[in-house]
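What you are looking at is a predicted structure, and each value in this text was computed from that prediction instead of being measured.
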Amino acid sequence: MYFDFISKVKYEGRDTKNPFAFRYYDAEKMVMGKKMKEHLPFAMAWWHTLCAAGTDMFGRDTADKSFGTEKGTMDHAKAKVDAGFELMEKLGIEYFCFHDVDLVPEADDIKETNKRLDEITDYILEKMKKTGIKCLWGTANMFSNPRFMNGAGSTNSAEVFCFAAAQTKKALDLTVKLGGKGYVFWGGREGYETLLNTDMKFEQENIAALMKMAVEYGRKIGFTGDFYIEPKPKEPMKHQYDFDAATAIGFLRQYGLDKDFKMNIEANHATLAGHTFQHELRISAMNNMLGSIDANQGDYLLGWDTDEFPSDVYTTTLCMYEVLKAGGLTGGFNFDAKNRRASYTPEDMVHALILGMDAYALGLIKAAQIIEEGTIDQFIKDRYASFSDGIGKKIRDGKTSLEELAAYADELGNASLPGSGRQEYLNTIINTILFQ
């Protein structure tokens with residue numbers, strides 16, 4: 001066993017000195033009428049947890065992710081399954097997410113790759129039946145292979161588009177086979193480096209066509225879950241077409257895909273787009289498209305996607321505030337996060353997941369307190385009170401006109417200042433709850 005230095009990680013409370021215990025994540029604890037584990041359906045990211053070994057643009061692997069086998073073999077693929085399920089069982093993580101080529105080494109011939117995928121998913125199904133661990137969502141990696149240098153759906157090559165369709169079809173087959181609740185489209189290389197060689201309208205129409213075919217095929221084979229778009233503004237392309245939640249939602253509505261798709265929001269992608277994580281969640285929720293979350297964080301001093309494990313409780317609290325107000329997720333919380341390059345041991349892998357699970361558990365507890373305490377919600381209600389009766393109600397009900405409103409303003413002569421936003425006071429309320 002790869003993680004034989006730990007038994008099952010348990011909740012021991014905030015004062016524990018045990019480095020392999022939860023301080024805040026108590027799976028059975030009731031919060032606002034639901035168990036904590038029901039509010040927080042955590043998922044392991046196959047690609048980072050079992051594949052990422054610390055390579056960066058300046059240096060090779062630091063972590064050993066061979067799991068006692070030779071990399072690039074089916075023995076290694078099965079060893080990753082064994083290690084992953086051992087880790088999930090010991091941490092109480094009930095879901096996983098995957099890209100197709102996270103599971104097996106990609107062959108030169110797609111038929112051979114698909115054969116390998118069939119073999120490994122048979123093996124995964126055996127583990128799922130024994131453990132009760134489930135698949136949250138699947139997706140296809142259509143950005144790593146050189147054929148996708150100009151995108152998958154957005155490619156300038158019809159042949160490459162066919163390979164994108166083939167990978168999507170197979171990844172959907174696997175997602176249904178493994179009982180996945182969702183299927184994700186991440187932009188990958190769906191974007192451009194320069195408009196001098198790009199027909200943007202052409203490319204976006206082709207992306208929409210690929211997504212429509214995926215929906216049609218998925219429904220035909222019995223996939224009843226949500227399709228997701230995971231917005232990201234840049235990386236690896238200079239400009240990605242799914243820039244942020246608002247852009248992605250507009251795209252879905254333009255091409256008639258909004259009934260089948262929701263958002264898979266990643267914290268680090270939100271900050272790359274110049275937004276807060278909370279903003280992207282709110283935009284998704286107010287459009288009834290908040291589906292799933294990639295639970296990570298970025299470094300505000302770095303302008304790229306660092307995929308750090310979440311530790312900022314301000315951010316996780318405001319995230320869980322949005323999730324609770326929205327009534328929860330149709331998906332879950334996928335730890336699309338990786339250890340820092342210098343944290344390379346199996347023990348570090350466990351510490352990272354404990355950190356992330358505790359950060360979200362504490363965020364859930366504090367968000368529930370904010371809602372139950374009621375000051376924030378009451379303040380917002382009071383702030384817009386002028387629209388609850390009189391001329392304000394007529395505006396909200398659509399029972400007035402520009403002429404009537406102009407006459408009302410003329411009679412007033414001048415408008416008084418609107419009520420104070422009290423931002424500093426509200427921040428004090430948040431701090432009081434967070435640090436009580």
J.: Before accepting this row, confirm whether a basic side-chain N of the pair E12/K17 lies closer than 4.0 Å to the acidic partner's carboxylate O.
T.: no
J.: Can the ring centroids of Y11 and Y25 be said to lie less than 6.0 angstrom from one another?
T.: no
J.: Using 30° and 60° as the class boundaries, would you call the ring planes of F5 and F20 parallel, tilted or perpendicular?
T.: tilted
J.: Is the closest basic N to carboxylate O distance between K90 and E86 below 4.0 Å?
T.: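 Here K90 pairs with E86 in a salt bridge, since their nearest N and O are under 4.0 Å apart.
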J.: Check K127 with D82, please: is the shortest side-chain N to carboxylate O separation under 4.0 Å?
T.: yes
J.: Let me confirm one number: the SG-CD distance from C319 to Q297, rounded to the nearest 0.5 Å.
T.: 12.0 Å
J.: Report the C-alpha distance between E106 and R147 in whole Å, list the side-chain angles of each, state the deciding distance to 0.1 Å, and finish with yes or no for salt bridge (charged side-chain N to carboxylate O under 4.0 Å, His left out).
T.: CA-CA 13 Å; E106 187 174 11; R147 73 170 69 99; 3.5 Å; yes
J.: State whether K325 and D377 are salt-bridged, where the test is any N-O pair (Lys NZ or Arg NE/NH1/NH2 against Asp/Glu carboxylate O) under 4.0 Å.
T.: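 Salt bridge between K325 and D377, a charged N being under 4.0 Å from a carboxylate O: yes.
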J.: Quick one: side chain to side chain donor-acceptor pair (under 3.5 Å) pairs with a partner in residues 365-375, sequence neighbours left out?
T.: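 Found E373-T375.
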J.: With sequence neighbours excluded, give me every ring pair (Phe, Tyr, Trp, His ring centres under 6.0 Å) pair touching residues 112-153.
T.: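 The answer is W47-W137, H99-F143, F143-W186.
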J.: Closer than 4.0 angstrom, basic N to acidic O: yes or no for D118 and K170?
T.: yes
J.: To the nearest 0.5 angstrom, please state how far the SG atom of C97 sits from the CG atom of D294.
T.: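 Rounded to the nearest 0.5 Å, the SG-CG separation comes out at 7.0 Å.
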J.: Please give me the minimum heavy-atom distance between E230 and V184, naming the atom from each residue.
T.: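 That closest heavy-atom pairing would be OE1-CG1, 4.0 Å.
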J.: Out of L329, N264, T330, which residue meets the side chain to side chain contact (heavy atoms under 4.5 Å, CB included) rule with L290?
T.: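 So, applying the side chain to side chain contact (heavy atoms under 4.5 Å, CB included) to L290 and each of L329, N264, T330, only L329 qualifies.
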J.: For the residue pair F335 and F309, categorise the inter-ring angle as parallel (less than 30°), tilted (30 to 60°) or perpendicular (more than 60°).
T.: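 It falls in the tilted class, 30° to 60°.
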J.: Which class fits the ring pair Y183 and F185: parallel under 30°, tilted 30 to 60°, perpendicular over 60°?
T.: perpendicular
J.: What's the separation between atom CE in M74 and atom CD1 in I120, rounded to the nearest 0.5 Å?
T.: 4.5 Å
J.: Could you list all the side chain to side chain donor-acceptor pair (under 3.5 Å) pairs where at least one residue sits in residues 247-263, not counting sequence neighbours?
T.: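 Pairs touching residues 247-263 that pass the test: R219-D260, D244-T247, R253-N287.
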J.: One thing to verify: whether E112 and R116 come together as a salt bridge, which I'm taking to mean a side-chain N less than 4.0 angstrom from a carboxylate O.
T.: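 E112 and R116: salt-bridged.
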J.: What closest approach, in Å, do R23 and T16 show between heavy atoms, and which atom pair accounts for it?
T.: NH2-O, 3.5 Å
J.: Identify the residue among K338, E308, E266, H269 that makes a side chain to side chain donor-acceptor pair (under 3.5 Å) with N296.
T.: E266
J.: Between the side chains of K37 and E28, is the shortest nitrogen-to-carboxylate-oxygen separation below 4.0 Å, so that they form an ion pair?
T.: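 Answer for the salt bridge query: yes.
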J.: Could you give me the CA-CA distance, side-chain angles and deciding distance for K201 and E205, then say whether salt bridge (charged side-chain N to carboxylate O under 4.0 Å, His left out) is met?
T.: CA-CA 6 Å; K201 185 172 185 291; E205 287 172 348; 2.5 Å; yes
J.: Under 4.0 Å between a side-chain nitrogen and a carboxylate oxygen: does that hold for D173 and K169?
T.: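 Answer for the salt bridge query: yes.
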J.: Please lay out, stage by stage, how I124 and F98 fare under the test side-chain contact (heavy atoms from CB on, under 4.5 Å).
T.: CA-CA 12 Å; I124 290 171; F98 71 93; over 6 Å; no
J.: Determine whether M30 and K35 satisfy the following criterion, side-chain contact (heavy atoms from CB on, under 4.5 Å), listing intermediate values before the conclusion.
T.: CA-CA 4 Å; M30 298 298 292; K35 292 180 180 179; 3.7 Å; yes
